[in-house]
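Chain identifiers are assigned alphabetically (A, B, ...) following the order of the sequence lines, protein sequences preceding nucleic acid strands; residue numbering begins at 1 within each chain.
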There are 2 protein chains.
Amino acid sequence: MDLQALAEILELKCGVTKSSVLLAGVSGGPDSLCLLDALHRLGYAVIAAHFNHHLRPEADEDARRVAEMAEERGLRSTLGEGDVAALAEDSAMSVEEAARVKRYEFLFEQARRVNAQAVVVGHTADDQVETVLMHLLRGAGLAGLKGMTYTSLNPEWDASIPLVRPLLGIWREETEAYCAEFSLQPVTDASNRDTTYFRNRLRHELIPFLQSYNPRIRTAIWRTSFSLAGDFDTVQQVSRQALANCLQQQSKGYLALDLPNLKGLSPGVQRGVLRLAITRLRPQIRDVDYLSIDRALDFIARPPLSGRTDLLGGLSLIAETDRLYLVDSDARLPETGWLKIDLLTPARLEGPGKVIIADDWALIAEWVDAGDRCLIDLARKASPYEAWLEGERELFPLVVRRRAPGDRFQPLGMDGKWVKLSDFFMNVKLPRRARDRWPLVCAQDQIVWIPRYRPAHAMRITAATRKALYLRLERRTSDKG
Amino acid sequence: MDLQALAEILELKCGVTKSSVLLAGVSGGPDSLCLLDALHRLGYAVIAAHFNHHLRPEADEDARRVAEMAEERGLRSTLGEGDVAALAEDSAMSVEEAARVKRYEFLFEQARRVNAQAVVVGHTADDQVETVLMHLLRGAGLAGLKGMTYTSLNPEWDASIPLVRPLLGIWREETEAYCAEFSLQPVTDASNRDTTYFRNRLRHELIPFLQSYNPRIRTAIWRTSFSLAGDFDTVQQVSRQALANCLQQQSKGYLALDLPNLKGLSPGVQRGVLRLAITRLRPQIRDVDYLSIDRALDFIARPPLSGRTDLLGGLSLIAETDRLYLVDSDARLPETGWLKIDLLTPARLEGPGKVIIADDWALIAEWVDAGDRCLIDLARKASPYEAWLEGERELFPLVVRRRAPGDRFQPLGMDGKWVKLSDFFMNVKLPRRARDRWPLVCAQDQIVWIPRYRPAHAMRITAATRKALYLRLERRTSDKG
């Protein structure tokens, strides 16, 4: 192992300096012993941190050995322990996964305590190859196949202390040779040969098998991961830009994306945007799983764009007209500008006047005589919150209610055709969430006006109309204005 | 197999229409029989093309069967043959590779003959998985791991007829089930089980082995390739834009790229730019190999930026100051603006006058008296093709020659320090190629002026200079001006 090359990796790829302390995770195996000794030789201030998983009979002895080795070099060490087996039993995690969680919790806790610039671990090129194969076997995209990186920040562990892996380009044999050269005595972990562990099966069975196809398969896969890491950076950068272009709103528990914009992106960039968006709401998700992204892509592409699909980690996608919400299950989506009735019992107006239909809305009705005006011109200029109805019809009592099963409507402008209310709402692209509480103004059991959309055909005023009922919705907060 | 889904794939992913003929490559195996029959059922005009590799005893029988099957459906068929074994023996190709070359040559020849819109082949999802694994084993980047695409244009075969693969999302079992359902009788190719062929080993040994890790490994890898194809598109698009930004010149046999611009790109995009640049000069290279790109990246990053490295297929990289050339071994790089001496014998000037030093350049020397002018001011404003030397020195005969081993120079502005001429050239970043023929103006065996760069310190004029030798280079074509 070339110490000078390692020094360059530490400086250029890992971005660490000699001016503050590093916390090294030291299991006591050849990789981490080599790492600890090399960091020390290169003049880094390093603290050895060992986590006792209590999984093997020799565990206490290993811990003692690591502490001793640090002491021999005048280095501080810190020991932690946890009942991994118990965590694995209590959770859905494998023993490997539980050990990993406990170990990193400890390492970052210690790193914060000693104000370390980074946590350093001894992952080697072999670990990289195994990681890539593991992802391949499980079915990963670029984010998985690129493998581990020299430096990474994982908010699950700490928002600002990175995890760095300076040995990522060094083979396990090289760390073993280093230990032999400098008389380091690695602990032997018999469980490393236990092929009931998935990673050990890869190491001891799959990789040798693959070597029968290509004796240099480890190098081939290592280089592949290195090159894919570059491609991943490119895709991330493009996706970040695309997300910035699509993002309409980010708030507690949801993101709103511009749907036509998103649909205009290539599938690769759509994937990237979704992955980033999910990470914004769920920073602790390590790998956004692949099937969720596929499901999201299908959802975005599927016409008509309405409805909802569950993704992962309690996140869902909701499409509303030109918006795609990525939303936490319990987040409240914005309802700005929506009309909605609070009352469960319909509001009634027996004659001209005003009735409150929601916390913030009132309906006002008044008779208007044409006089010498042409009312149809006024009606044509009506705002979405106003309507003019033919005064010769039976209009009172006016009832403002929510929709009910079987509702039908005869929208103005469709030659008197009747449509199902649900179809009408779909046609005007009223978001699903808004439909249940949308106010319907009715007379004689028929819908005479749907505020913001259309009066009914039968109630329309004409050039001959002499008397009209003028309806308008008024925001109650503006009463004082 | 869902025929309707296949129809959609053909239209949307493969981009083929029913308005003109398709040429289908039909080996007679289940995949290609299924393809031929399905295309026919879907109403495509299709011609069956079979290539007889003469590799197996049943080869002639297979060819007859394919022709028969086409005839039964009222389809035209065309048969080709070639001595694949002989080609493999005569070249460095494997039998598989030679068969592939001969087969596609035939298919595209036929496609041109019948004016086909596309060549259609029966590659299945299993072929895709095998292809991805093959690339992984050989050490590929994104371009290899993305696998095959529904449609592709390969200039090696034809500049405008694409190769399409509509069955890429359909598993081999499905094509076999299709054959059984419609009573198609595929030929049995015993060589498909011959594990001396690399691909067969993957199919019959590696994939079953991987299934012991993940029973759904085929689907996992298929989805991975599909997602990587999207990422590849993203990287290609970014790289195409970056190449456009970097490209200074493209001419017969070379490309010139702006080196600082290229160095400013992320490694992933650098890779993409180089891959595209190589493909521009060598469109027939199927996969730009990975190590060549790595070598190129190292070359670009390595200071000092000079020299040359061989890449692949007779292409080299040459760095010259701020330019990177990707160049064909026998291409002539541009020499615009360079000075160069044509004459092998040095040119001499015994006194003031003019001497031709190259096809297009002449040196003119004349005495100038200061009179009441301050010559040093004139000298300071000299163009790179002019120099003023102190008239009190011994300057004639002036000799204009090429460099010679051991040349040293005392550049003006360096306090009389002597430097090796080769170091001086490197410092002023004169491209290597230009150095051998660069004119050196000498007097008394010493370099007194290097045109475009510097006069010698010892020959400098001062405020006290009363008489100077004024030298200038003149383009001979401008003599008439």
Next item on the list: Against chain B, work out which of A/Val132, A/Asp294, A/Ile221 has the most heavy-atom pairs shorter than 4.5 Å and name it.
Entry: A/Asp294
Next item on the list: Could you check which of B/Leu202, B/Ile293, B/Thr219 has the highest count of heavy-atom pairs closer than 4.5 Å to chain A?
Entry: B/Leu202
Notebook entry, point to check: Hey, which of B/Leu145, B/Leu297, B/Leu265, B/Leu137 has the most heavy atom pairs under 4.5 Å with chain A?
Noted result: B/Leu137
Item checked: For chain A, the option from B/Pro267, B/Ala140, B/Ser225 that forms the most heavy-atom pairs under 4.5 Å -> B/Ala140
Note to self: Does any backbone or side-chain atom of B/Arg223 lie under 4.5 Å from a heavy atom of chain A? Answer side chain, backbone, both or neither.
What the structure shows: both
Check: Is chain B contacted by the side chain of A/Gln270, its backbone, both, or neither, given a heavy-atom distance below 4.5 Å?
Finding: neither
Notebook entry, point to check: At a heavy-atom separation under 4.5 Å, does A/Ser239 approach chain B through its side chain, its backbone, both, or neither?
Noted result: neither
Check: Quick one: of B/Val269, B/Leu210, B/Leu206, who has the most non-hydrogen atom pairs under 4.5 Å with chain A?
Finding: B/Leu206
Using atom types as modelled, flag every donor-acceptor pair under 3.5 Å from a side chain in residues 2-14 of chain B to any protein atom, sequence neighbours excluded.
| from | atom 1 | to | atom 2 | distance (Å) |
| --- | --- | --- | --- | --- |
| B/Asp2 | OD1 | B/Gln4 | N | 2.9 |
| B/Asp2 | OD1 | B/Ala5 | N | 3.2 |

Notebook entry, point to check: Using non-hydrogen atoms and a limit below 4.5 Å, what part of residues 227-238 of chain B faces chain A?
Noted result: B/Ser227, B/Leu228, B/Gly230, B/Asp231, B/Thr234, B/Val235, B/Val238
Notebook entry, point to check: In terms of heavy-atom proximity below 4.5 Å to chain A, should B/Arg201 be classed as side chain, backbone, both, or neither?
Noted result: both
Item checked: Parallel, tilted or perpendicular: rings of A/Phe209 and B/Phe209 (30°, 60°) -> parallel
Notebook entry, point to check: Would the number of heavy atoms belonging to other residues, nucleotides or ligands and lying under 6.0 Å from CZ of B/Phe226 be above 12?
Noted result: no
Margin query: With rounding to the nearest 0.5 angstrom, report the CG to OH distance, A/Leu136 to B/Tyr213.
Written below: 12.5 Å
Margin query: Report which part of A/Ser266 has an atom under 4.5 Å of a heavy atom belonging to chain B: side chain, backbone, both, or neither.
Written below: side chain
